[in-house]
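Here is the structure we will look at, set down as structure tokens.
Atoms within a ligand are numbered from 1 in the order they appear, just like the ligands themselves. Keep in mind the model is a prediction, meaning the values are calculated, not measured.
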Amino acid sequence: MSETKKAPARPVVLGNWKMNGLRADGLKLAGELAERAARLTGTLGVFPPATLLAGVASRLAGTGIVVGGQDAHFEEGGAFTGSISPAMLKDAGAGAVILGHSERRHGLGEDDALVQKKAAASLKAGLLVTLCIGETEAEYDAGRTIEVLERQVAGSLPARATAANLVVAYEPVWAIGTGRTPSTDKIGTVHARLRAMLEERLEDGADMALLYGGSVKPGNAAEIMALPNVDGVLIGGACLEAESFWRIYTAGGGA
Ligand code: 13P
């Protein structure tokens, strides 16, 4: 990605489909989003399973909706059974990738060093990286949220990160898929600390999009996105239905 590119337009509303969607459902959802996206004022992105990337990307071509993968390997190619390289994501029509999601960090044992390697390779390939970080419930209860986030930012943010090529998503692990969210006060406090961390590390850290994720729904999206330092949201369950995904997007000022 060229260094002169700008940070993604606000609000940045991204939908992580996770391991959901067969071909018919995925293409239907993409079609319903395409109908709504006549004029996008912010950034709207979908991250379908790898099997649907090419189909969804071709359905959404010309709409301005970003399409991305949910993971990428750090190598360009070779003997890595089951893995997909950043170049392959691009070749399938993706312009972005989610890395470091808690379902991969905690579910599959990915650590900061691995996430950082994947992020560096994805930036090199020209993908917009969404780097996910977040504390577990035990870490939250122990008051260790900021310490954990500091460690994850230090360990997984790649050297070439800029506001134009990377977005940070704060997703408390205990808020994902549970219907529970931190209070808006807590989200605001964490995002202010994250902003300070990014400003300290990066020349353009003030411009880097900072997203919140974890049980975002049409009913809580507006108050979350109205918080200072919350530039958008990363959505799981509520993005699988076009109307609720779109309502979240418009709640953040996008249309
Ligand atoms: P939910 O919106 O289902 O809580 O999932 C959030 C998430 O993990 C997005 O990456």
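When each atom of ligand 1 is checked for a heavy atom of A175 under 4.0 Å away, the hits are 4 (O). Each of the atoms 6 (C), 7 (C), 8 (O), 9 (C), 10 (O) of ligand 1 lies under 4.0 Å from some heavy atom of E171. Near G177, with a cut-off below 4.0 Å to any heavy atom, the atoms of ligand 1 are 1 (P), 3 (O), 4 (O). Taking a cut-off of under 4.0 Å to the non-hydrogen atoms of G237, the atoms of ligand 1 that pass are 1 (P), 2 (O), 3 (O). Shown in contact with S215 at under 4.0 Å from a heavy atom are these atoms of ligand 1, numbered in order with element: 1 (P), 2 (O), 4 (O).
Using a 3.5 Å distance cut-off with no hydrogens or angles, the side chains of S156 and R105 do pair a donor with an acceptor. E110 and H101 share no side-chain donor-acceptor pair at under 3.5 Å. When only modelled atom types and interatomic distance are considered, W174 and E135 share a side-chain donor-acceptor pair under 3.5 Å. No hydrogens or angles considered: nothing links the side chains of Q152 and Y170 as a donor-acceptor pair under 3.5 Å.
The shortest contact between atom 10 (O) of ligand 1 and any protein heavy atom is with H101 NE2, 2.8 Å. Here the protein heavy atom with the shortest distance to atom 5 (O) of ligand 1 is K18 NZ, 3.3 Å. Protein heavy atom closest to atom 2 (O) of ligand 1, with residue, atom name and distance, is G236 N, 2.9 Å.
The CG atom of L108 lies 9.5 Å from the CD atom of E103; values are rounded to the nearest 0.5 Å. Distance OG1/T130 to CD/Q70: 11.5 Å, rounded to 0.5 Å.
Here N16 has side-chain heavy atoms under 4.0 Å from ligand 1, and that is the only part of it that gets that close.
Under the 4.0 Å criterion applied to side-chain N and carboxylate O atoms, K6 and D204 are not assigned as salt-bridge partners.
Checked against a 3.5 angstrom limit, the closest N/O atoms of G213 and ligand 1 fall outside it.
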